[in-house]
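Report on the following structure.
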2 protein chains.
Amino acid sequence: MATMKDISRIADVSIATVSAVINHSAFVSPELTERVNNAIRELNYRPNAVARSLKMKSTKTVAAIVTDIENPYYPAMVKGMDDVAFANGFSFMLCNIANDSERFRKYLEVMVEKQADGLVLANVSRDEELALVERTGLKYVLLNRKPPAYDKNYVGINNTLTTELSVKHLASLGYRSIAYFAGNLQISTARERWEGFQSGMHQQGLKVDEALVFHGNYTSQSGYENTKKMLAEARRMPEVICAASDLVAFGAIKALRESGIRVPEDIAVMGNDNNPFSENFIVPLTTVDHPKYEMGKLAVELLFKEIEGTEQKLARQIVLPPSLVVRESCRWRGELYGLNSS
Amino acid sequence: MATMKDISRIADVSIATVSAVINHSAFVSPELTERVNNAIRELNYRPNAVARSLKMKSTKTVAAIVTDIENPYYPAMVKGMDDVAFANGFSFMLCNIANDSERFRKYLEVMVEKQADGLVLANVSRDEELALVERTGLKYVLLNRKPPAYDKNYVGINNTLTTELSVKHLASLGYRSIAYFAGNLQISTARERWEGFQSGMHQQGLKVDEALVFHGNYTSQSGYENTKKMLAEARRMPEVICAASDLVAFGAIKALRESGIRVPEDIAVMGNDNNPFSENFIVPLTTVDHPKYEMGKLAVELLFKEIEGTEQKLARQIVLPPSLVVRESCRWRGELYGLNSS
DNA sequence: TTGAAAGCGCTAACAT
DNA sequence: ATGTTAGCGCTTTCAA
């Protein structure tokens with residue numbers, strides 16, 4: 001690889017001049033500029049960003065640490081992050097934890113060694129994890145989940161609203177007996193969705209039937225198992241299942257169908273998060289959309305503000321609104337009865 | 001940030017000694033080792049990988065350039081890549097082209113500036129793109145697609161086999177009239193799948209009905225539109241549609257259902273690639289699985305061999321086998337007639 | 001307007 | 001066994 005020294009020799013100028021023309025950091029006469037540019041072209045020279053980073057103490061690199069890129073919730077977020085990183089001349093490192101908590105710790109360490117300019121951390125739920133992050137001294141913003149009392153840079157959605165919206169829609173459709181399949185309440189988003197369900201029920205003048213509340217996590221397996229459990233144990237079946245995530249809804253619908261229960265004719269199902277598959281699921285899923293791309297985008301935009309440090313140092317929390325997506329897994333009850341009798 | 005100099009001062013040893021204990025690159029007495037480690041702990045010191053990279057001429061970083069991380073074909077591949085990068089102490093940069101060809105060129109440039117140790121390029125189809133890659137001088141391996149006469153490092157699957165397998169399965173089910181919805185034949189994988197369809201038909205003693213061959217690309221929109229076209233124009237309907245990708249199959253099924261045509265009762269549909277959603281699609285899709293995670297994994301393993309340069313410099317092409325996945329979108333024709341008459 | 005030189009934090013050859 | 005030092009490729013101050 002050619003270096004600046006090579007260029008300076010070929011162009012017969014000083015190395016400082018080469019630097020100046022490359023970075024437009026000082027006026028250089030047209031003649032010398034020309035000579036330098038010719039030499040650069042001749043040698044197919046590209047500046048060494050590593051050397052530059054060492055001197056500048058900035059790598060023009062941000063990293064995202066995500067829990068699982070195979071989970072369809074994240075690719076859109078990653079795309080949003082990469083898009084704004086690219087637009088700002090930054091490179092984007094992806095760190096996929098793959099459910100290995102030791103790996104989280106290790107990635108943090110690597111990112112301080114590699115001198116990443118900033119981090120976005122999807123799904124930091126526990127204070128211990130946050131402490132690890134703080135200890136790195138790196139700039140960062142949290143994305144999606146957050147630890148209980150966290151009040152610094154954060155981008156997420158209004159999870160409480162997701163379930164309030166769901167319940168409101170369900171109530172408007174005539175449903176009154178609503179089961180809730182909760183996520184892991186250790187997780188902020190799951191907690192908020194559960195709270196939203198309760199407040200939503202209250203707002204609609206409905207009461208939460210404890211016998212129809214099932215705890216689990218965001219996976220389809222959880223939805224599947226809780227449905228089996230409900231089918232086996234509940235004294236009365238609900239008219240509709242409100243799931244904490246689309247995957248949970250998928251699992252629920254699978255279990256329902258295995259038992260010959262039709263969705264939405266016999267029991268309706270409501271999702272949450274608008275998984276890219278939901279539109280074409282066995283039964284197209286009524287759900288609540290989360291602006292995933294926007295979340296990723298805003299997370300690294302916020303990170304850049306933090307990095308530039310220009311912004312007044314007030315920590316900012318950005319909370320985006322979800323929106324209802326009506327499809328086929330929930331229907332107006334009146335119409336329903338008509339269908340059932342045919 | 002603390003530096004080695006700080007450590008050497010605190011531990012009262014030379015900077016070379018610090019380096020030696022950190023890298024285990026030379027014997028250091030237990031006493032000095034102890035002092036150095038204490039100082040490191042005391043200052044929460046982490047070596048600066050940028051400085052190290054400058055000296056070592058290696059960044060311990062690989063990059064993947066992919067066409068679209070939101071396409072469900074890629075997350076598993078990305079996971080495979082990140083897993084082996086991590087396992088080998090390398091960092092992983094993700095470059096998402098997002099269908100902007102200028103961005104491809106730009107990413108290559110950045111990666112030479114940032115001194116990436118190697119590149120894996122998903123979906124390089126054209127010689128001009130390959131020329132750009134070659135021009136960087138970086139080590140690389142191609143993944144999935146490849147330009148026509150390319151014979152260097154490559155990891156992909158046997159695409160010809162995918163469709164041969166499909167046709168064989170379809171024939172065994174009793175189907176004889178098979179439509180083919182092709183991908184963009186500029187793309188190696190689409191070309192191979194189309195060839196496999198033809199040879200598969202030949203092997204089964206079936207003939208390809210040109211009126212039932214439709215050209216398009218891998219998107220569901222393409223499948224949707226070609227189905228509409230077929231429904232409107234074809235003199236005879238096929239018994240089954242063999243699609244070049246699962247997305248195409250999704251689009252086809254959607255269009256079929258919109259016209260009141262049942263899948264698989266009236267017309268069956270066969271996919272190709274085993275999209276993560278296919279299992280739970282409106283009608284669970286019979287398809288051919290591509291080992292996506294393995295592809296990503298092997299791609300960076302091959303890249304590491306290339307980087308280490310230990311391997312004899314023979315270019316290697318790894319072609320993985322696909323495997324049939326039987327679900328519900330195709331059925332035994334005999335059983336079918338039974339069902340239809342009920 | 002241009003050039004010389006110091007220094008970013010590290011590794012390794014060499015000296016002791 | 002440990003220390004001194006040059007140098008990786010760049011930016012930037014300072015001098016000319």
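Every heavy atom of this structure was used, including side-chain atoms; hydrogens, water molecules and symmetry mates were not. All of these numbers come straight from a predicted model, not from anything done at the bench. Note on naming: letters A, B, ... go to the chains in the order of the sequence lines (proteins, then strands), and numbering restarts at 1 for each one.
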Figure out the [atom1]/[atom2] separation between [X] and [N], and round it to whole Å.
{"X": "B:Arg9", "N": "C:dG9", "atom1": "CZ", "atom2": "C1'", "answer": "14 Å"}
{"X": "A:Ile15", "N": "D:dG7", "atom1": "CD1", "atom2": "P", "answer": "14 Å"}
{"X": "A:Gln115", "N": "D:dC10", "atom1": "CD", "atom2": "P", "answer": "19 Å"}
{"X": "B:His24", "N": "C:dA12", "atom1": "NE2", "atom2": "C1'", "answer": "17 Å"}
{"X": "B:Met4", "N": "C:dC10", "atom1": "CE", "atom2": "P", "answer": "5 Å"}
{"X": "A:Ile22", "N": "D:dG9", "atom1": "CD1", "atom2": "C1'", "answer": "11 Å"}
{"X": "A:Met56", "N": "C:dA6", "atom1": "CE", "atom2": "P", "answer": "21 Å"}
{"X": "A:Ile7", "N": "D:dT11", "atom1": "CD1", "atom2": "P", "answer": "13 Å"}

Nearest-neighbour nucleotide for the [X] side chain, [options] considered:
{"X": "A:Thr17", "options": "D:dT11, C:dG3, C:dG9", "answer": "C:dG3"}
{"X": "B:Leu54", "options": "D:dC10, D:dG9, C:dC10", "answer": "D:dG9"}
{"X": "A:Thr3", "options": "D:dG3, D:dG9, C:dA4", "answer": "D:dG9"}
{"X": "A:Ser19", "options": "C:dT11, D:dT12, C:dA13", "answer": "D:dT12"}

Under-4.0 Å side-chain N/O to phosphate OP1/OP2 contact, A:Lys57 with C:dG9: yes
Under-4.0 Å side-chain N/O to phosphate OP1/OP2 contact, B:Arg52 with C:dG9: no
Within the side chain of [X], is there an N or O that forms a donor-acceptor pair under 3.5 Å with the backbone of [Y]?
{"X": "B:Asn48", "Y": "B:Arg46", "result": "no"}
{"X": "B:Asp82", "Y": "A:Asn96", "result": "yes"}
{"X": "B:Tyr218", "Y": "B:Ala190", "result": "yes"}

Distance-only donor-acceptor test (3.5 Å): side chain A:Lys55, base C:dG7: yes
Stepwise side-chain hydrogen bond (donor to acceptor under 3.5 Å, both in side chains) test for B:Tyr140 and B:Glu134: CA-CA 9 Å; B:Tyr140 69 94; B:Glu134 285 283 356; 2.6 Å; yes
Under-4.0 Å salt bridge between A:Glu31 and A:Arg35: no
CA sep, side-chain torsions, deciding dist, call: B:Ile22, B:Tyr45, side chain to side chain contact (heavy atoms under 4.5 Å, CB included): CA-CA 11 Å; B:Ile22 287 175; B:Tyr45 169 80; 3.5 Å; yes
Residue pair A:Lys114, A:Thr61: steps toward the side chain to side chain contact (heavy atoms under 4.5 Å, CB included) verdict: CA-CA 9 Å; A:Lys114 292 248 164 100; A:Thr61 300; over 6 Å; no
Cation-aromatic face contact A:Arg316/A:Tyr154, 6.0 Å, 45 degrees: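 Because its charged atom misses either the 6.0 Å distance or the 45° angle limit, A:Arg316 does not stack over A:Tyr154.
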DNA chain D contacts made by residues 25-49 of chain B, counting heavy atoms under 4.0 Å: B:Phe27, B:Val28, B:Ser29, B:Leu32
Over 12 non-hydrogen atoms of neighbours within 6.0 angstrom of CD in B:Gln186: no
Sugar-phosphate only, base, or nothing, as touched by B:Val50 at under 4.0 Å among non-hydrogen atoms: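 Touches nothing.
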Donor-acceptor side-chain pairing of A:Asp83 and A:Tyr293 below 3.5 angstrom: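 Yes, A:Tyr293 and A:Asp83 have a side-chain donor paired with an acceptor closer than 3.5 Å.
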Could you list, one pair per line, each protein nitrogen or oxygen that sits under 3.5 Å from a nitrogen or oxygen of nucleotides 14-16 of chain C, together with the distance?
none

